[in-house]
Amino acid sequence: MIVQFSMKNVLSFKDEVVLDMRSIPAYKEHNYNLMKLPSEEKLLRVAAIYGANASGKSNLCRGMWMFQNIVMRSMNAVENTENKVLKQFYRPFAFEDKPGNSEYQIILSDDEAEYRYGFEFNSKQIVSEWLYRKDYAVNRVSTILERDHQSITMGASVRRECDKYKEQIPEDALVLTFFSRLALKTTSVFRKVFDGIHKMMIAESDFYEQDLIRKTYLPKAIDENKEELLNFLASIDTGIKDISYKIIDNGIEFYTYHIGKDGKKYPINLYNESSGTLKSIIVYIIASFVIDSNGLMFVDELSAKLHPLLLKFIVDLFYNEKSKAQLIYTTHDTTLMDKKFFRRDQILFVQKDDYGYSTLSTLSDFRVRSDASFEKDYLAGVYGGIPMLKEFSMKAE
């Protein structure tokens, strides 16, 4: 479970931005939207992020994706210096002469402890790195790792095994990634944090169009959960009665089946279905996987090409009490921006000023009347995060 994610000097977010999934205890509405930690804190299952075009919504999603890639690929041996991971994913705020270091931090939780991990870096090196573990049973924080540009200090619980390896870690590689790959008794804490970051499903708006995504997830869904997939397709009124695939010349072709007036079943290539249907299938399959694995799904422009009722259907999947999965998504669709569906701490806004600085706020930051319409006030500009349109006219020559 993700408790919090923050980044600083990344893309359009020059100052620190914090995406906090902790709920506000004073809000009593929609308790089923929350899940409880052993610390008695409650986390949001779903968060929706609104904002104008070019405000920075996608940058928030892309920033988390870049953070994940740095962690996953930090120890990859790449001879070509042009493809070094830090150089590839160092994307500081662009509108200043001195770019400075970028910084990421994530707080993860399981049933035993909370883990706070982060690092500061530039295109050449890891400047600092840290990992702390807070044990829920004793409510005590212990240091696992502290690093600066000169030295790496291991905490007492891992020092005996790990100290002899730390000199092998390059200045452009993460200690977390290095030790997560070693099969030592005390390195399980590194693997736990690494795995928590690895299983986050972070997707840009066009992810459902990618062949790799389809070929990775769809065959397994057809083989193992075909009945559930067909029930989903029936519930959203696609007209699809069956789905299959064939492996042809090392490639895969997918087919859907519809019933004609004569009562016969007719196949068509999956790619002849509407883009909305294609996206619905992929979103449902990945959401099901994330929910089963108690992971995180962060999707940019989730509502694009989806009917508002279908968007609500996908969101409601994450209110499964048997799962600890979380959904974060960006959107322009205000259909669910309503107190009937969301708590005030579940609605977030991204706004960019005239100088290119993006900021993040939540509806809970504003004084909201008890009878207020979230959607109406948002579109009226009360909370920000909307385009500032100016008069524009076209003249015919």
Same cluster (ILVMFWY, side-chain, under 4.5 Å), [X] and [Y]:
{"X": "Y132", "Y": "V127", "answer": "no"}
{"X": "W130", "Y": "I169", "answer": "no"}
{"X": "Y255", "Y": "L278", "answer": "no"}
{"X": "L184", "Y": "L131", "answer": "yes"}
{"X": "I240", "Y": "I268", "answer": "no"}

Any side-chain heavy-atom pair of [X] and [Y] under 4.5 Å:
{"X": "F298", "Y": "T330", "answer": "yes"}
{"X": "L302", "Y": "L327", "answer": "yes"}
{"X": "I213", "Y": "I286", "answer": "yes"}
{"X": "I285", "Y": "N225", "answer": "no"}

Suppose we screen for side-chain contact (heavy atoms from CB on, under 4.5 Å). Which residues come up paired with S74, at least two apart in sequence or across chains?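 Result, side-chain contact (heavy atoms from CB on, under 4.5 Å) vs S74: A173, L174, T177.
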Given F95 and F93, is the ring pair (Phe, Tyr, Trp, His ring centres under 6.0 Å) satisfied, shown in steps? CA-CA 6 Å; F95 306 141; F93 185 74; 5.6 Å; yes
Strictly below 4.0 Å, N to O, side chains only: are D223 and K220 in salt-bridge contact? no
Check ion pair K42-D345 (N to O, under 4.0 angstrom): no
Modelled atom types, side-chain donor and acceptor of D333 and T335, under 3.5 Å: yes
Can you find a side-chain donor-acceptor pair between S303 and Y329 that sits under 3.5 Å? no
Give me the atom names and distance for the closest heavy-atom approach of [X] to [Y].
{"X": "Q68", "Y": "M200", "value": "NE2-O, 2.8 Å"}
{"X": "S244", "Y": "Y257", "value": "OG-OH, 2.9 Å"}
{"X": "A325", "Y": "S323", "value": "N-OG, 3.0 Å"}
{"X": "L310", "Y": "S280", "value": "CD2-OG, 2.9 Å"}
{"X": "K134", "Y": "N139", "value": "CE-OD1, 3.0 Å"}
{"X": "S6", "Y": "E16", "value": "OG-OE2, 3.8 Å"}

Pairwise distance [atom1]([X]) to [atom2]([Y]) - rounded to 0.5 angstrom:
{"X": "T277", "Y": "I236", "atom1": "OG1", "atom2": "CD1", "answer": "6.5 Å"}
{"X": "F318", "Y": "I328", "atom1": "CZ", "atom2": "CD1", "answer": "10.5 Å"}
{"X": "F342", "Y": "I347", "atom1": "CZ", "atom2": "CD1", "answer": "6.5 Å"}
{"X": "E114", "Y": "S109", "atom1": "CD", "atom2": "OG", "answer": "6.0 Å"}
{"X": "F349", "Y": "T359", "atom1": "CZ", "atom2": "OG1", "answer": "12.0 Å"}
{"X": "N33", "Y": "R343", "atom1": "CG", "atom2": "CZ", "answer": "7.0 Å"}

Test side chain to side chain donor-acceptor pair (under 3.5 Å) applied to [X] - qualifying residues, sequence neighbours left out:
{"X": "T187", "answer": "R191"}
{"X": "K352", "answer": "none"}
{"X": "N101", "answer": "E120, N122"}

Pairwise ring-ring contact (aromatic ring centres under 6.0 Å, His included) hits with a residue in residues 162-184, at least two apart: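 Counting only pairs at least two positions apart or across chains, the ring-ring contact (aromatic ring centres under 6.0 Å, His included) contacts touching residues 162-184 are F179-F190.
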Listed once per pair and sorted, the ring-ring contact (aromatic ring centres under 6.0 Å, His included) pairs that draw on residues 225-249, sequence neighbours left out: F232-Y284, F232-F313
Parallel under 30°, tilted from 30 to 60°, perpendicular over 60°: which one fits the rings of Y117 and F67?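 Tilted, since the angle between the ring planes falls between 30° and 60°.
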Which word best sums up how the rings of F194 and H198 line up, parallel for under 30°, tilted for 30 to 60°, or perpendicular for over 60°? parallel
Step-by-step side-chain contact (heavy atoms from CB on, under 4.5 Å) determination, N59 to V10: CA-CA 8 Å; N59 285 343; V10 177; over 6 Å; no
Please check if the number of heavy atoms outside D237 that lie under 6.0 Å from its CG is greater than 12.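 No, because the 6.0 Å sphere around CG of D237 holds 12 heavy atoms or fewer from other groups.
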Quick check on E227: does its CD atom have over 12 non-hydrogen neighbours (other residues, nucleotides or ligands) under 6.0 Å away? no
Partner set under salt bridge (Lys or Arg N to Asp or Glu O under 4.0 Å) for [X], not counting sequence neighbours:
{"X": "K14", "value": "E96"}
{"X": "E204", "value": "R62"}
{"X": "E129", "value": "R147"}

Report the C-alpha distance between K226 and D242 in whole Å, list the side-chain angles of each, state the deciding distance to 0.1 Å, and finish with yes or no for salt bridge (Lys or Arg N to Asp or Glu O under 4.0 Å). CA-CA 9 Å; K226 186 175 181 178; D242 200 358; 2.9 Å; yes
Step by step, work out the side-chain contact (heavy atoms from CB on, under 4.5 Å) result for M7 and L60. CA-CA 9 Å; M7 62 187 190; L60 193 58; 3.9 Å; yes
Decide yes or no on side-chain contact (heavy atoms from CB on, under 4.5 Å) for L348 and L19, but give the supporting numbers first. CA-CA 9 Å; L348 298 89; L19 178 57; 3.6 Å; yes
Is there a donor-acceptor pair closer than 3.5 Å between any side-chain N or O of [X] and the backbone N or O of [Y]?
{"X": "S123", "Y": "Y90", "answer": "no"}
{"X": "D249", "Y": "G251", "answer": "no"}
{"X": "D365", "Y": "T362", "answer": "yes"}
{"X": "H332", "Y": "Y50", "answer": "no"}
{"X": "E41", "Y": "R22", "answer": "no"}
{"X": "E253", "Y": "I248", "answer": "no"}
{"X": "N294", "Y": "K324", "answer": "yes"}
{"X": "S12", "Y": "S358", "answer": "no"}
{"X": "Q346", "Y": "V46", "answer": "yes"}
{"X": "S23", "Y": "L44", "answer": "no"}

How would you list, by chain and number, every residue that makes a ring-ring contact (aromatic ring centres under 6.0 Å, His included) with Y271, sequence neighbours excluded? none
Does M1 sit in a hydrophobic cluster with other residues, and if so which ones, taking ILVMFWY side chains as linked at heavy-atom separations under 4.5 Å, directly or through other members?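 V3, M35, L37, L43, I107, Y136, which link up through side-chain heavy atoms under 4.5 Å apart, make up the rest of the cluster.
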Got a sec, which hydrophobics cluster with Y27, joining ILVMFWY side chains under 4.5 Å apart, including via others? I24
